[in-house]
Amino acid sequence: MKVILLGLICTSFWSFAGPGSIPARVNVESPFATQDLLSRRGELEPPSELFGTNELNQVLFSDMHEQNVNLKKVKFYLLNGETRMAQVHLRKLAYTETKLKPIIYRYLGILSFIEGKFQKSYEYLSAKELQSLPHYSKICALKVLNQVVLSNVTLLEDEWKRCQLESFKHFNSGNYVWIETLVQMKLKPRIGLTKIPFKNIRLSSLNNDQLKIFLKLALYLNQEKLIEPELTDLDQMQIKDTEVRELIGQLYFRLGHFAKSYRFIEDLDSPNAENIKGNLYVLRQKYELAYAQFKLALEKKQNSQNAMERILPLAWLLGDWEEGAKIAERVIASPQTQVNKMTLISAFYTQKGDYAKAKDVLDSIVLRSRRGTEIDVTQLLSFVSLMQNRPDVIKKQAALSCAQFDMINCWLSFQMDQWDSFPLSIRRPDKMLVKKDWEKLSQEDLDEPLKETIYVNQLDIEELDDKLIKLTPDAP
């Protein structure tokens with residue numbers, strides 16, 4: 001491409017020259033071709049440009065520029081937890097031939113790790129483009145973590161040794177302790193291993209970055225009690241850090257010291273702080289305040305899984321069906337829990353009274369999954385069909401629910417067999433007349449025994465039968 005462009009430029013120098021430019025033909029008999037230039041000074045004009053600098057840069061560097069822009073977007077979305085958007089831009093780059101392949105594979109590995117696809121992440125980070133310096137030092141820690149998760153102990157020890165040698169400049173003491181503990185837990189698990197990182201460590205002597213690492217490690221390893229005495233020794237500079245206070249609040253919450261936890265996070269407005277406040281309100285049974293706190297956390301972080309998982313039961317409890325349906329649709333579900341998510345969405349739509357949307361979600365479950373015959377799905381389908389007057393579906397789903405010991409659907413199935421217009425009757429607007437004669441009968445005392453009128457004596461029947469079939473062998 002560059003050679004072609006260069007040829008075009010050289011050609012254009014002669015073929016696109018102005019009227020006062022050097023002629024294309026020169027006198028070959030002249031001792032030199034430019035002997036008359038002196039007399040023509042001031043008449044000559046430079047040739048017009050066929051391709052300017054901008055055009056050349058656009059042709060030669062537009063692809064690289066576009067790839068750089070996409071990678072910047074990917075990094076931005078990864079840092080903000082928007083994995084879906086990051087994946088969209090990475091797909092644009094995954095199948096292109098570019099010098100940025102190592103960076104693309106690194107981002108794909110990070111993205112897969114965040115989404116919990118550890119095997120896929122390990123495959124991306126094992127690409128040959130990433131196995132040499134300087135790229136290996138940037139991905140080896142994440143590659144080791146994937147091996148820890150996948151229990152790939154045969155390669156883990158050698159990989160971790162190489163990673164320490166080639167990326168020692170990238171590790172600080174806090175990060176090294178964290179990953180070293182995880183590796184040892186996988187390679188040589190033993191009692192007391194999770195306490196080793198906190199021995200002979202004074203939290204007050206650490207800078208804020210190192211302090212955060214150790215506080216997070218204590219939360220991950222469930223060693224809150226081990227470092228609790230150290231928390232009172234932290235100085236004012238450490239406590240002023242909002243992230244440190246948030247972590248301390250989480251530690252005290254784990255330990256059950258709710259008043260101390262609230263004092264540390266009271267004036268914080270981060271998503272995690274809002275979630276902790278919401279949990280504290282739930283424990284005090286102040287569900288409306290807790291609901292508001294979790295909604296604040298969700299506004300600050302739109303994909304906060306903790307906030308969504310806590311909002312959903314509160315939305316059901318408080319009867320906010322519309323908001324519950326919206327939140328349920330935003331929940332990130334794994335392939336194993338996707339049907340559970342869809343069932344929950346249909347339940348919220350059913351409670352809201354939007355039976356058309358509930359039907360669409362339930363039909364999708366039946367068509368795409370084998371779990372369409374489970375009790376939760378069949379119960380919702382029978383009720384939604386009842387509200388939409390679909391007798392055939394009602395009978396089918398009620399029978400499936402009845403077979404799973406749902407007595408209400410057994411009663412519904414009986415009603416549908418006896419009364420075809422039952423769906424219309426149950427939804428009629430006028431007030432239904434209810435007679436509670438059973439309550440009166442259940443409270444009355446019946447002292448008189450039942451008397452049966454005997455029309456045929458049983459002994460006579462037995463004698464007649466004996467004469468016919470000889471019930472007793474010795475009978476005459």
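- Using a 4.5 Å heavy-atom threshold, the side chains of Gln131 and Arg162 count as touching.
- Contact annotation: the side chain of Trp321 never approaches that of Asp354 to less than 4.5 Å [non-hydrogen atoms, C-beta and beyond].
- Side-chain atoms of Arg310 and Asn275 include no donor-acceptor pair closer than 3.5 Å.
- For the pair Leu156/Thr154, no side-chain contact is recorded, criterion being any heavy-atom separation below 4.5 Å from C-beta on.
- Remark: Leu193 CG is packed, more than 12 non-hydrogen atoms of other residues, nucleotides or ligands lying under 6.0 Å away.
- With hydrogens and angles ignored, the 3.5 Å screen pairs no side-chain donor or acceptor of Ser369 with any backbone N or O of Val366.
- Distance check, rounded to the nearest 0.5 Å: CG of Leu234 to CG of Asp241 gives 11.0 Å.
- The two residues Lys277 and Ile265 have their closest heavy-atom pair at CE-O, 3.0 Å.
- There is a side-chain donor-acceptor pair under 3.5 Å between Asp320 and Tyr291.
- No side-chain donor-acceptor contact under 3.5 Å links Asp376 and Thr343.
- Residues Ile239 and Arg245 form a side-chain contact, since some pair of their non-hydrogen atoms from C-beta on lies under 4.5 Å apart.
- Heavy-atom minimum distance, Ser346 versus Leu362: OG-CD2, 3.4 Å.
- The CZ atom of Phe198 sits 7.0 Å away from atom CZ of Phe214, with the distance rounded to the nearest 0.5 Å.
- Using modelled atom types, one finds a donor on one side chain and an acceptor on the other under 3.5 Å when comparing Asn340 with Arg371.
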Mind running side chain to side chain contact (heavy atoms under 4.5 Å, CB included) on Ser270 and Lys300 for me, showing each step along the way? CA-CA 7 Å; Ser270 64; Lys300 297 180 184 300; over 6 Å; no

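- Side chains of Ser401 and Thr378: a donor-acceptor N/O pair is present below 3.5 angstrom, by distance only.
- Gln379 and Asp406 are linked by a side-chain donor-acceptor pair at a separation below 3.5 angstrom, with hydrogens and angles left out of the test.
- Ion pairing between a basic and an acidic side chain is recognised when a charged N comes within 4.0 Å of a carboxylate O; Lys396 and Asp392 show no such pairing.
- To the nearest 0.5 Å, atoms CG (Leu145) and NZ (Lys186) are separated by 11.5 Å.
- No side-chain N or O of Ser413 forms a donor-acceptor pair with one of Lys395 less than 3.5 Å apart.
- In this structure, Leu367 places its CG atom where more than 12 heavy-atom neighbours from other residues, nucleotides or ligands lie under 6.0 Å away.
- Asn222 places no side-chain N or O within 3.5 Å of a backbone atom of Ala218 that could act as its donor or acceptor partner.
- Between the side chains of Gln147 and Tyr122, at least one donor N or O sits under 3.5 Å from an acceptor N or O.
- Side-chain N/O atoms of Gln184 and Glu180 include a donor and acceptor closer than 3.5 Å.
- A heavy-atom distance below 4.5 Å is found between the side chains of Lys295 and Glu323.
- Within a 6.0 Å radius of CZ in Arg370, no more than 12 heavy atoms belonging to other residues, nucleotides or ligands are found.
- With ring centers used as reference points, Tyr281 lies 6.0 Å or more from Tyr287.
- Taking the side chain as every heavy atom from C-beta outward, Ile375 and Phe405 never approach each other to under 4.5 Å.
- Between Val282 and Leu314, the closest heavy-atom pair is CG2-CD1, 4.4 Å.
- Gly278 and Phe294 get closest at one heavy-atom pair: C-CZ, 3.4 Å.
- Side-chain N/O atoms of Gln351 and Trp316 include no donor and acceptor closer than 3.5 Å.
- Across all non-hydrogen atoms, the minimal contact from Cys163 to Val144 is CB-CG2, 4.5 Å.
- Put simply, the side chain of Ser261 gets close to the backbone of Gly249: a donor and an acceptor are under 3.5 Å apart.
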Taking only distance into account, with no hydrogens and no angle test, what donor-acceptor pairs under 3.5 Å do side-chain atoms of residues 416-426 form with protein atoms, sequence neighbours excluded?
from: Trp419; atom 1: NE1; to: Ser421; atom 2: OG; distance (Å): 2.7
from: Ser425; atom 1: OG; to: Ser421; atom 2: O; distance (Å): 3.1

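- The closest donor-acceptor contact from the side chain of Gln223 to the backbone of Leu219 lies at 3.5 Å or more, if one exists at all.
- A donor-acceptor pair is defined here as one N or O able to donate and one able to accept, closer than 3.5 Å; no such pair exists between the side chain of Ser304 and the backbone of Lys301.
- Of the possible donor and acceptor atoms, none in the side chain of Lys143 sits under 3.5 Å from a partner among the backbone N and O of Ser126.
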Trace of the side chain to side chain contact (heavy atoms under 4.5 Å, CB included) decision for Gln302 with Leu298: CA-CA 5 Å; Gln302 296 182 358; Leu298 203 57; 5.8 Å; no

So Glu115 and Ile332, side chain to side chain contact (heavy atoms under 4.5 Å, CB included) or not? Walk me through it. CA-CA 10 Å; Glu115 293 179 340; Ile332 301 173; over 6 Å; no

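- Side chain of Gln238 to backbone of Leu206: a donor-acceptor contact under 3.5 angstrom is found.
- A cation-pi arrangement is present between Lys120 and Tyr124 under the rule of less than 6.0 angstrom and at most 45 degrees off the ring axis.
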Do Ile196 and Thr181 pass the side chain to side chain contact (heavy atoms under 4.5 Å, CB included) test, and can you show the C-alpha distance, the side-chain angles, and the key distance before you say yes or no? CA-CA 8 Å; Ile196 293 176; Thr181 302; over 6 Å; no

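- At a threshold of 4.5 Å between non-hydrogen side-chain atoms, the residues Ile104 and Leu108 count as touching.
- The distance from the CG atom of Leu400 to the CG atom of Asn409 is 9.5 Å, given to the nearest 0.5 Å.
- Between the Arg106 side chain and the Ile139 main chain, no donor and acceptor come within less than 3.5 Å of each other.
- Proximity of Tyr252 to Glu228: side-chain heavy atoms (C-beta onward) are separated by under 4.5 Å at one or more points.
- Taking CH2 of Trp411 as the start and SG of Cys402 as the end, the distance is 13.0 Å to the nearest 0.5 Å.
- Contact detail for Ser121 and Gly109: the closest heavy-atom pair is OG-O, 2.7 Å.
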Working note: Lys212 + Glu243, criterion salt bridge (charged side-chain N to carboxylate O under 4.0 Å, His left out); need CA distance, chi angles, decisive distance, verdict. CA-CA 8 Å; Lys212 294 172 192 176; Glu243 293 184 18; 3.3 Å; yes

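- In this structure, Glu157 contributes its side chain and Leu187 its backbone to no donor-acceptor pair below 3.5 Å.
- Atoms CD and CE, from Glu329 and Met308 in turn, are 12.0 Å apart once rounded to the nearest 0.5 Å.
- Between Lys101 and Glu129 there is no salt bridge, since no side-chain N of the basic residue sits under 4.0 Å from a carboxylate O of the acidic one.
- For Arg284, the CZ atom sits in a loose shell: 12 or fewer heavy atoms of surrounding residues, nucleotides or ligands are nearer than 6.0 Å.
- In this structure a side-chain-to-backbone donor-acceptor pair under 3.5 Å is missing from Glu123 to Phe118.
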